[in-house]
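The structure appears right after this line, and notes come after that.
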Amino acid sequence: MGSLTFLVAVACTLTTVQSASVSKRETLTIATDKYHNYNDLQALLRQLVSNYPNLARVYDVGTSMGGRKLSVIQISDRVNEREVGEPRFKYIGNIHGNEAVGREVILYLAQYLLYNYGTDPRVTQLVDTTDIHLMPTLNPDGFEISREGECDNVVGRTNNNGVDLNRNFPDQYWMTGTIQAETQAVMDWIKTQPNFVLSASLQCVTLVAAYPFDDHQYGDISSGLYAATPDDATFKALAKSYANAHPTMHFGRGCGGNDNFKDGIINGAEWLTVAGGMQDYNYLNSNTFEITIEISCCRYPNSSELASYWNDNRNALLTYIEQTHMGVKGVVKTSDGTPIANAQVRVSGIDYTMNTSDLGEYWRLLIPGTYSISFSVEGYTTASTSVTVSSGSPVVLNVTFDTSTKQGSITQG
Ligand SMILES: *[C@@H]1O[C@H](CO)[C@@H](O)[C@H](O)[C@H]1NC(C)=O
Ligand SMILES: *[C@@H]1O[C@H](CO)[C@@H](O)[C@H](O)[C@H]1NC(C)=O
Ligand SMILES: *[C@@H]1O[C@H](CO)[C@@H](O)[C@H](O)[C@H]1NC(C)=O
């Protein structure tokens, strides 16, 4: 019960052959029998990179106040190259150090993607088309002092300075205190090129997918007020994609009691106003759409329950990454082939500007519908067109701005 083994088809056919295939099988076991403390986590990430050097890479985005690395495992085909047009995705776990389930399922997800690449078509497709970045813990210090089996205890929630990291990001309305090392690391990370397209923070303690905004100008006393982003319809669809792919989240009952989340999703501010939350900061300061997913009723359940959390979340974790591929995407260039960075991409009726990346790329997440989309570059006439988005793959719209006429032309793929 403590561990789940995923045998790839090849390994199955070789089970009786020889010892080489037996050791291959052992590397494909995702051990869910105990939590990974800081040293175990670091060792596992490095082991994965050494076993899968062409698919995985580890890097650190900073150091916690307590001196621990904020490590990320990046998983993609050709992981050491910058592939033009490939969207970046991230999961962040354990922003509250005592909320341990996200930390573990992210580690299982990393193993699942690597062990099944090349044999499972769904995993292969995801890893081939997406640049996936997984940060199991943003609060390694808090985790080290948290205790297994504690569902409600708050020891370890904050960082070493006693600061709740999900209240520490610069906020659109409120002052949120001295920026901590962990917060600054994320602020720097999300500025890297190209910006992440989609992201989620895995937290506790209920079952719901919450989407921005997390607060409004009326302050804490006004909890219960819906604070819609301009991309409200898209955020709802993103949150639903996770809740629907989870066996119980979409029932909307959370953990029982007074929880009642229609379809298993809720607007952050309407539910529980948070100033300084990470998801709002992502949307307002980069082109990243981030939601917060609460995946467990117990903050730090006994390790004997980890296998069942992984079973409940595996499909939803994959489904949510797949949402990176929707809407409209493309590349903006000049007629001499030079990519245009910081071209502004706007959709009429949605008051949000997206900027192209350093290589002229953009990924405009949108739910199915017909939109008017425009591309603006300083010194050129704005180019616009009508585009119909359906579910499934994104529509490709490439834009070329003619350096002599100053007009743009849009090619649809
Ligand atoms: C975890 O296990 C301990 C010891 O077996 C037990 O006392 C405790 O109630 C368990 N906690 C949960 C949340 O199941
Ligand atoms: C896009 O570029 C504009 C103009 O340079 C800038 O003000 C804005 O903050 C950028 N938006 C994002 C989300 O980075
Ligand atoms: C759009 O541009 C990208 C990058 O240059 C290219 O790979 C793709 O084939 C182009 N698609 C269309 C429809 O022009």
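Computed from heavy atoms alone, side chains included, the values below leave out hydrogens, waters and symmetry copies. Order of listing sets the numbers, starting from 1, for every ligand and every atom in it.
At least one donor-acceptor pair closer than 3.5 Å links the side chain of H246 to the backbone N or O of M249. Side-chain atoms of D280 come within 3.5 Å of backbone N or O of D214 as a donor-acceptor pair.
In this structure, atom 14 (O) of ligand 2 has a protein heavy-atom contact shorter than 4.0 Å. Put simply, atom 9 (O) of ligand 3 has no protein non-hydrogen atoms near it, under 4.0 Å away.
For N287, the heavy-atom gap to ligand 2 drops under 4.0 angstrom.
For Y226 and H216, the distance between ring centers is not under 6.0 angstrom. Between Y300 and F143, the distance from one ring center to the other falls under 6.0 angstrom.
Ligand 2 has a nitrogen or oxygen under 3.5 angstrom from a nitrogen or oxygen of N355. Inclusion of T411 in the set of residues having an N or O under 3.5 Å from an N or O of ligand 3 is not warranted.
Within the 4.0 Å heavy-atom criterion, the part of Q344 lying near ligand 2 is the side chain and not the backbone.
The atoms of ligand 3 that sit less than 4.0 Å from any heavy atom of G413 are 13 (C). Of all atoms in ligand 3, numbered sequentially from 1 with element shown, those under 4.0 Å from a heavy atom of K333 are 5 (O).
Given atom 11 (N) of ligand 3, the protein heavy atom at minimum distance is N398 ND2, 2.9 Å. Shortest contact from atom 4 (C) of ligand 3 to any protein heavy atom: V331 CG2, 3.8 Å.
Counting heavy atoms from C-beta on, the side chains of L109 and I321 come closer than 4.5 Å. Within the 4.5 Å cutoff, side-chain heavy atoms of D232 are placed close to those of Y211.
For a disulfide, the SG atoms of both cysteines must be under 2.5 angstrom apart; this fails for C204 and C297.
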